[in-house]
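The model shown is predicted, which means the values in this text are computed figures rather than measured ones. Proteins get letters first, then strands, A, B, ... in listed order; numbering begins at 1 in each.
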Amino acid sequence: MALETLNPRQREAACFGNSPLLIIAGAGTGKTNTLAHRVAHLVLQQVPAERILLLTFTRRAALEMTRRAQRIAGEALKEVKLPWSGTFHSIANRLIRRHCKRVGLDPGFSVLDRGDAADLMDFVRHERGLSRAEKRFPRKDTCLAIYSHRVNTQRSLAETLQTLFPWCAEWEPELTGLFRDYAERKLADQALDYDDLLLYWHAMMADEALAREIDAQFDHILVDEYQDTNVLQAEILQRLRPSGEGLTVVGDDAQAIYSFRAATPENIRGFAAQFDAAVVALEENYRSTQAVLDAANALIAKNLRSRKKNGAKPRYVTLADDASQAQYVVTQVLAARERGVLLRRQAVLFRSSHHSDALELELVRRNIPYVKYGGLKFLEAAHVKDVLAVLRWADNPKNRVAAFRALQLLPGIGPSLAERIFTHFEAEGFAWQGLKSSSLEFDELMRALGNPETPWPGQLGRVRECYEPHLERLYDAAQVRAGDLLQLERISTSFETREKFLTEMALDPPQATSDFAGVPYLDEDYLVLSTVHSAKGQEWEAVYLLNVADGNFPSEFSTGRPELIDEERRLLYVAMTRAKSDLHLLAPLKYYVAQQSRMGDKHVYGAQSRFLTEAVMACLEPLAWGDAYGAEAPLAGKPTVDVASRLRGMWS
DNA sequence: ACTAATGTCCTTTTT
DNA sequence: GGACATTAGT
C-alpha cells in the first residue's frame with residue numbers, strides 16, 4: 001500500500017487499530033485520502049468489505065471514497081466494493097427493509113421525498129381546516145421544517161418554535177394537532193419520510209436484541225463529516241456500538257454548517273470523552289496557497305498552514321450590481337481558461353440557489369457550459385414527479401400522496417373526486433381490481449403495474465406512453481418535458497428493481513443537471529455552479545463567491561442568535577477554503593433579493609459583511625471593477641486608483 | 001366539482 | 001417571481 005504518500009499523522013490515522021478513533025481533519029488536510037487509506041488498510045488486513053459500514057454525507061462522497069480505496073489497495077486485490085456505504089438515511093432504509101416485520105412495516109413501504117412529505121403535510125393541513133384561518137397559517141414547507149427540526153433535535157415543539165421559528169409560535173396548539181395527524185397518516189399509508197428513516201433505525205437500536213444482531217454484522221464503522229450529524233444519529237451510533245470498538249469518526253467542527261438540519265457540533269466535540277477515543281488531528285493543508293489560508297485563518301481564528309508558500313492575495317471585488325458581477329465572473333473565468341485552467345477546475349459559489357440567476361443567463365448567452373449543484377433538482381419538476389407518482393402508487397397501493405397525484409392527472413379529476421376514488425379503492429382492500437377511476441386505460445395501466453409478475457424493465461416506458469398525451473394539456477413546453485422523461489427512462493434502466501429505483505430517486509436524487517443530461521456531457525469542459533453547502537468536500541483552482549455582503553454572509557435571517565452567526569461565519573470559511581489558488585470575493589453594491597414585503601423595493605444595497613474585519617481585509621486585495629458607480633460606496637482598504645500620479649505624470 | 005384567473009404574501013441552506 | 005388562497009366561470 002502506498003503509505004509513503006501520507007504524512008506521519010495521516011499514516012497514524014490510516015493504520016490505527018481497533019479502539020475508538022476521532023480524526024480531526026481541517027479543511028484541505030487530506031481527509032478523504034486518509035479515510036480511503038484507512039479503508040484500504042482494513043481490507044488488506046483481511047477485514048471483509050461487507051463488514052465495513054461507511055457512513056458519509058452523500059453517496060457521491062461514498063463513491064469517491066471507495067474509488068480511492070480501490071486505487072490505493074491496488075493490484076493486491078481484485079476489487080474493493082463496500083456494499084454497506086452510504087448516507088445515514090440510505091443505510092437506515094436498507095436495515096429497515098431487512099427487518100421490516102420487526103417494526104410493523106410492509107416490505108413495500110414507500111420513502112417520501114421532501115416534496116411528497118410536504119404534499120402529505122399539506123393534505124392534513126387542509127383536512128384540519130388550517131388553510132383558511134383568519135391569520136395565515138405557516139405553509140407546508142415551513143410546517144415540515146418545524147416538524148423535522150423537532151424530531152431531529154428531540155426537543156420539545158415549544159422550544160423549536162421559540163428558537164428557530166418564532167413567527168410561528170402562536171400556532172403551537174394547531175401545529176401539535178397537525179403533526180399528530182401527519183404521523184398517523186404516514187403510518188396508515190406505509191410511508192416514511194426522511195426523518196422516519198432515522199427514527200425507525202433509532203427505535204430498532206433501542207431493541208437490545210436487534211441492536212446486537214445488526215452490530216454483529218460489522219467489524220468497523222466509519223463516519224465521515226461527523227460534525228454534521230444530529231442527536232438522533234449520534235444515539236444510533238452509541239446504541240449500535242456502545243463500546244466504540246472499531247468506530248472511527250472524521251470531521252472538523254470549524255466546518256459545521258448544517259444546524260438548520262438539526263446537526264450539532266457537540267457530537268464531534270464530545271466524541272473523544274464519550275468513547276474515550278484516541279484523537280488524531282490533521283493540520284497540514286495541501287490544498288490552498290498560504291495567501292488563501294491567511295484570509296481564512298483570520299476569519300475564524302484557525303491556524304491552517306500550507307505547503308504552497310506563494311500565491312496572490314484573495315481579491316475583494318466591489319462591483320456595481322448583479323449584472324456586472326456576472327460580467328466579472330465570465331471575464332475572469334474565460335481569462336483563466338486562456339491561462340490553461342479548465343472550466344471544471346473553477347467554481348462559482350453562492351449562499352442561496354437563486355443567486356446565480358443573472359450569471360446563468362449570461363453563461364447561456366455566451367455559450368459557456370455549466371453544471372449547477374444544489375437548489376432545485378430535476379426531480380422537482382412537475383412532469384417528472386407525475387410519472388414517479390404513478391410508479392410509487394403501483395409500488396405501494398396505500399401511498400395516498402402518490403395516488404392523489406396520479407389520479408389528478410386524468411382530465412376531470414380534481415381533489416374531491418380523487419379522494420372519492422381512493423376511498424373506494426381503500427374499501428376494496430387496496431386490490432387493483434377494485435380501482436375505478438374515470439379512465440379504463442389508466443385502470444388497466446395500474447393493474448398491470450400493480451401485478452408483481454410484470455417485469456420492471458419497460459414499466460417506465462409504459463407509463464410514459466400513457467402520460468405523454470396529457471403533457472400538452474397540463475403544461476407548456478411539452479417537447480422539453482417529453483425529453484426529460486426519456487432521460488428518466490434511460491436512468492431507470494440501470495436499476496434492478498422498481499423499489500430500488502424509487503427509493504434511490506427519493507434518497508439520492510441526481511444532484512445536478514449533468515447527472516441527468518447523461519454521460520457524454522461529462523466529457524466536455526464545464527463551469528461548476530454550486531451553493532456553498534453543496535460545495536462541501538470539494539476543491540477548485542479558482543473560486544468566485546457571489547454576493548459577499550451582510551444579509552448573505554451572514555444571512556439576514558440568522559442575525560438574531562450568536563450561535564447562528566457563528567455558523568454563518570463557518571459557511572464563509574468553508575467557501576473560502578475550497579479555493580486552491582485564486583479566490584474572488586464579490587461584493588455588488590446593489591444586488592437583487594427575492595421579493596420581500598415592500599413593493600418596488602427589489603434590490604438592496606449591500607453593506608460590507610461583518611465578517612470582513614480589518615484583520616481579514618488585511619489579507620485581501622481590494623479592487624473596484626467596472627463602473628462601480630455609487631461614490632458613497634464603502635470601499636474598503638487602500639485607494640485602488642492612483643489619480644495623483646496620473647495627474648503628476650501629465651506634466652512631467 | 002373542476003379549471004382558470006386573480007389577488008396576496010412572502011424566511012436560505014439539504015438528507 | 002412563486003406559492004397559496006380565493007373567486008368566477010364552466
Side-chain angles (χ1 to χ4, degrees), chain A residues 55-61 86-93 111-115 117-118 122 125-126 130-133 135-142 144-146 148-149 151-152 164-168 192-198 225 228-230 232-233 256-263 349-355 357 373-377 380 408 410-420 438 473-474 504 506-509 511 530-536 547 551-560 564 567-568 570-571 574-575 592-599 601-602:
Chain A
L55 294 161
T56 52
F57 204 68
T58 59
R59 196 184 46 158
R60 177 180 297 261
T87 61
F88 269 90
H89 292 85
S90 72
I91 298 294
N93 169 63
V111 174
L112 302 176
D113 65 20
R114 178 86 219 232
D122 204 37
R125 186 167 167 270
H126 279 103
L130 294 167
S131 43
R132 31 182 241 89
K135 285 183 79 177
R136 197 186 181 90
F137 191 75
R139 45 162 117 176
K140 60 180 179 186
D141 296 291
T142 313
L144 192 62
I146 298 170
S148 182
H149 203 270
V151 166
N152 282 297
L164 280 158
F165 303 88
W167 69 95
C168 302
L192 274 61
D193 62 19
Y194 290 151
D195 304 326
D196 287 332
L197 291 169
L198 294 185
E225 308 281 13
D228 288 322
T229 54
N230 64 36
L232 222 39
Q233 292 164 318
I257 53 174
Y258 276 96
S259 77
F260 71 93
R261 242 175 63 184
L349 305 184
F350 32 87
R351 172 71 221 257
S352 166
S353 182
H354 68 265
H355 284 155
D357 290 352
Y373 291 90
L376 279 196
K377 289 160 196 93
E380 285 167 42
Q408 289 182 64
L410 299 170
I413 298 189
S416 75
L417 253 184
E419 167 123 50
R420 210 182 303 165
S438 60
R473 176 175 55 87
L474 293 165
E504 265 320 279
L507 289 179
D508 238 320
Q511 284 272 312
S530 172
T531 59
V532 178
H533 285 91
S534 298
K536 140 182 289 199
N547 295 337
N552 282 321
F553 295 97
S555 158
E556 55 185 320
F557 307 122
S558 304
T559 47
L564 294 182
E567 174 150 314
E568 296 287 312
R570 295 194 292 267
L571 196 63
V574 167
Y592 295 87
V593 292
Q595 208 128 333
Q596 278 173 335
S597 48
R598 266 142 281 134
M599 299 235 302
D601 203 8
K602 281 188 190 166

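A:F57 comes within contact range of the sugar-phosphate backbone alone, with a heavy-atom separation under 4.0 Å but no base atom that close. Nucleic acid contact class of A:T87 (heavy atoms, under 4.0 Å, all strands): sugar-phosphate only. Within the nucleic acid shown, A:L417 comes within 4.0 Å of sugar-phosphate atoms alone, with no base atom in reach, counting heavy atoms only. Residue contacts for A:Y258: at a heavy-atom cut-off of 4.0 Å it reaches the sugar-phosphate backbone alone, with no base atom in range. Across all strands shown, A:R420 has heavy atoms under 4.0 Å from sugar-phosphate atoms exclusively, and none from any base. At a threshold of 4.0 angstrom between heavy atoms, the contacts of A:L571 with the nucleic acid are absent.
In this structure, A:L474 places its CG atom 13 Å from C1' of B:dC2, rounding to the nearest Å. For the pair A:Q233 CD and B:dT14 P, the computed distance is 16 Å after rounding to whole Å. Between the CD1 atom of A:I257 and the P atom of B:dT14 there is a distance of 9 Å, given to the nearest Å. Across the protein-nucleic acid pair, A:R261 atom CZ and B:dT12 atom C1' stand 14 Å apart, rounded to whole Å. Distance NE2 (A:H149) to P (B:dT13): 16 Å, rounded to an integer number of Å. Rounded to whole Å, the distance from OH on A:Y373 to P on B:dT15 is 13 Å. When the C1' atom of B:dT15 is taken as reference, atom CG of A:N230 falls 10 Å away, rounded to whole Å. Remark: C1' of B:dC9 and NZ of A:K135 are 14 Å apart, rounded to the nearest angstrom.
Here the CZ-CG distance, from A:F350 to A:N547, works out to 10.0 Å after rounding to the nearest 0.5 Å. In this structure, CG in A:L198 is found 12.0 Å from CD1 in A:I91, a value given to the nearest 0.5 Å.
Between A:G412 and A:E568, it is A:G412 whose nearest contact on DNA chain B lies nearer the 5' terminus. Residues A:H533 and A:L410 both approach DNA chain B. Their nearest nucleotides, taken by heavy-atom distance, put A:L410 toward the 5′ side.
Although no hydrogens or angles enter the test, the distance criterion places a donor-acceptor pair under 3.5 Å between the side chain of A:T58 and the main chain of A:A61. Under a 3.5 Å cut-off, the side chain of A:Y258 and the backbone N or O of A:N230 do not form any donor-acceptor pair. Between the side chain of A:Q233 and the backbone N or O of A:F88 there is no donor-acceptor pair closer than 3.5 Å.
Taking every heavy atom of both residues into account, A:E567 and A:A256 meet most closely at OE1-O, 3.7 Å.
Checking B:dT14, B:dT12, B:dC2 against every side-chain atom of A:S555, the shortest atom distance belongs to B:dT12.
Residues satisfying the side-chain hydrogen bond (donor to acceptor under 3.5 Å, both in side chains) test with A:R125, not counting sequence neighbours, are A:D122.
Aromatic stacking is marked for A:F260 over B:dT13, as both cut-offs hold: 5.5 Å for the centres and 30° for the planes.
Phosphate contact (OP1/OP2 of B:dT13, side-chain N/O of A:T531, threshold under 4.0 Å): absent. The side chain of A:S90 contributes no N or O atom lying less than 4.0 Å from OP1 or OP2 of B:dT15. Contact between the side-chain N/O atoms of A:S534 and the OP1/OP2 oxygens of B:dT14 is found at a separation under 4.0 Å.
Side chains of A:E380 and A:R114 form no contact here, defined as non-hydrogen atoms less than 4.5 Å apart.
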Going 5' to 3' along nucleotides 3-10 of chain C, which nucleotides have protein heavy atoms under 4.0 Å from the base (write B), which only from the sugar-phosphate (write S), and which from neither (write -)?
SSSS----
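Spacing of P atoms, B:dT13 relative to C:dC4, comes out at 15 Å, to the nearest Å.
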